Amino acid sequence: MEKVPTLESTRVLLRLACLDDVPEIIHYYTDNKVHLALFEPLRFSDFYTESYWCKQVKEALDDFNTDRSLRLFLFEKENESVIIGSINFRNFVRGVFQSCTLGYNLAEASQGKGYMTEALKVTISYVFTELKMHRIMASYLPHNQRSGRLLKRLGFVVEGYARDYLLINGQWQDHILTSLINPHWELA
């Protein structure tokens, strides 16, 4: 795999975490625990520990280097020590599919400021041009219209509705399925 990327936009810096980021990762998820619970799986107590996140940081680097995922944290350029969100491209499938799934989250205090739109434009471009993906799939909860509008703004197209799709906050929840196709994909 290639060199580990550091991506940036006008206001946001995006990169894989390093071990020095672990306290800030824990702080981010602890501060946003209630906000993120509505959109994510139940988190067990070890999720908020240093040992868990040290393992996750190492695994994310290994997964990137072995072409399995790209897991980035978002930092405001004005304060590069504070995490404001994450963007994850996972489940890389190569061969005849050339696709991955997208997940993201943003701090409650950073909502509505355009950070995620800005960050996703940069990361999607990287995934299409550098990682050579043809298709990015993303799903969102029907009641999460903010996420639905974000994906639509970025060009994602609704492809379906999946009943009881993911176990979110302890309950099986329906999701709206979307995808974005790389219009400039070429066989490498």
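Since the model is a prediction, treat every value here as computed from it, not as a measurement.
Under the salt bridge (charged side-chain N to carboxylate O under 4.0 Å, His left out) criterion, no residue pair touches residues 174-185, with sequence neighbours excluded. Residue pairs meeting the salt bridge (charged side-chain N to carboxylate O under 4.0 Å, His left out) criterion with at least one partner in residues 32-47, sequence neighbours excluded, are Glu40-Arg43. Judged as a ring pair (Phe, Tyr, Trp, His ring centres under 6.0 Å), the pairs with a partner in residues 146-172 (not counting sequence neighbours) are, in order, Tyr165-His175. The list of salt bridge (charged side-chain N to carboxylate O under 4.0 Å, His left out) pairs with a residue in residues 144-164, not counting sequence neighbours, reads Arg135-Glu159. The ring pair (Phe, Tyr, Trp, His ring centres under 6.0 Å) contacts involving residues 7-30 comprise Tyr29-Phe47, Tyr29-Trp53, where partners must be two or more places apart or lie in separate chains. Sequence neighbours left out, the pairs with a member in residues 9-21 that pass salt bridge (charged side-chain N to carboxylate O under 4.0 Å, His left out) are Arg11-Glu118, Arg15-Asp21.
For the pair Cys54 and Thr49, the minimum side-chain heavy-atom distance is 4.5 Å or more. Taking 4.5 Å as the limit, every side-chain heavy atom of Ile26 sits out of range of all side-chain heavy atoms of Tyr52. Between Leu16 and Leu72, some side-chain heavy-atom pair lies under the 4.5 Å cut-off. The shortest distance between side-chain heavy atoms of Asp63 and Phe92 does not fall below 4.5 Å.
Remark: the backbone N or O of Ala138 is paired with a side-chain donor or acceptor of Thr178 at under 3.5 angstrom. Panel note: side chain Asp62, backbone Lys58; no donor-acceptor pair is recorded below 3.5 Å. Using modelled atom types, one side-chain atom of Asn182 and one backbone atom of Met133 make a donor-acceptor pair closer than 3.5 Å. Checked by atom type and distance alone, the side chain of Gln98 never pairs as donor or acceptor with a backbone atom of His134 at under 3.5 Å. With Lys77 contributing its side chain and Ser9 its backbone, the two residues share a donor-acceptor pair below 3.5 Å. In this structure a side-chain-to-backbone donor-acceptor pair under 3.5 Å is missing from Ser125 to Val122. The backbone N or O of Arg90 sits less than 3.5 Å from a side-chain atom of Thr101, completing a donor-acceptor pair.
Heavy atoms of other residues, nucleotides or ligands lying less than 6.0 angstrom from NZ of Lys113 number more than 12. For Glu78, the CD atom sits in a loose shell: 12 or fewer heavy atoms of surrounding residues, nucleotides or ligands are nearer than 6.0 Å.
Nearest heavy atom pair, residue Thr30 against residue Tyr48, reads OG1-CD2, 3.7 Å. Minimum heavy-atom separation, Ala107 to Asn32: CA-OD1, 3.3 Å. Of all non-hydrogen atoms in Pro5 and Phe64, the two that sit nearest each other are CD-CZ, 3.4 Å.
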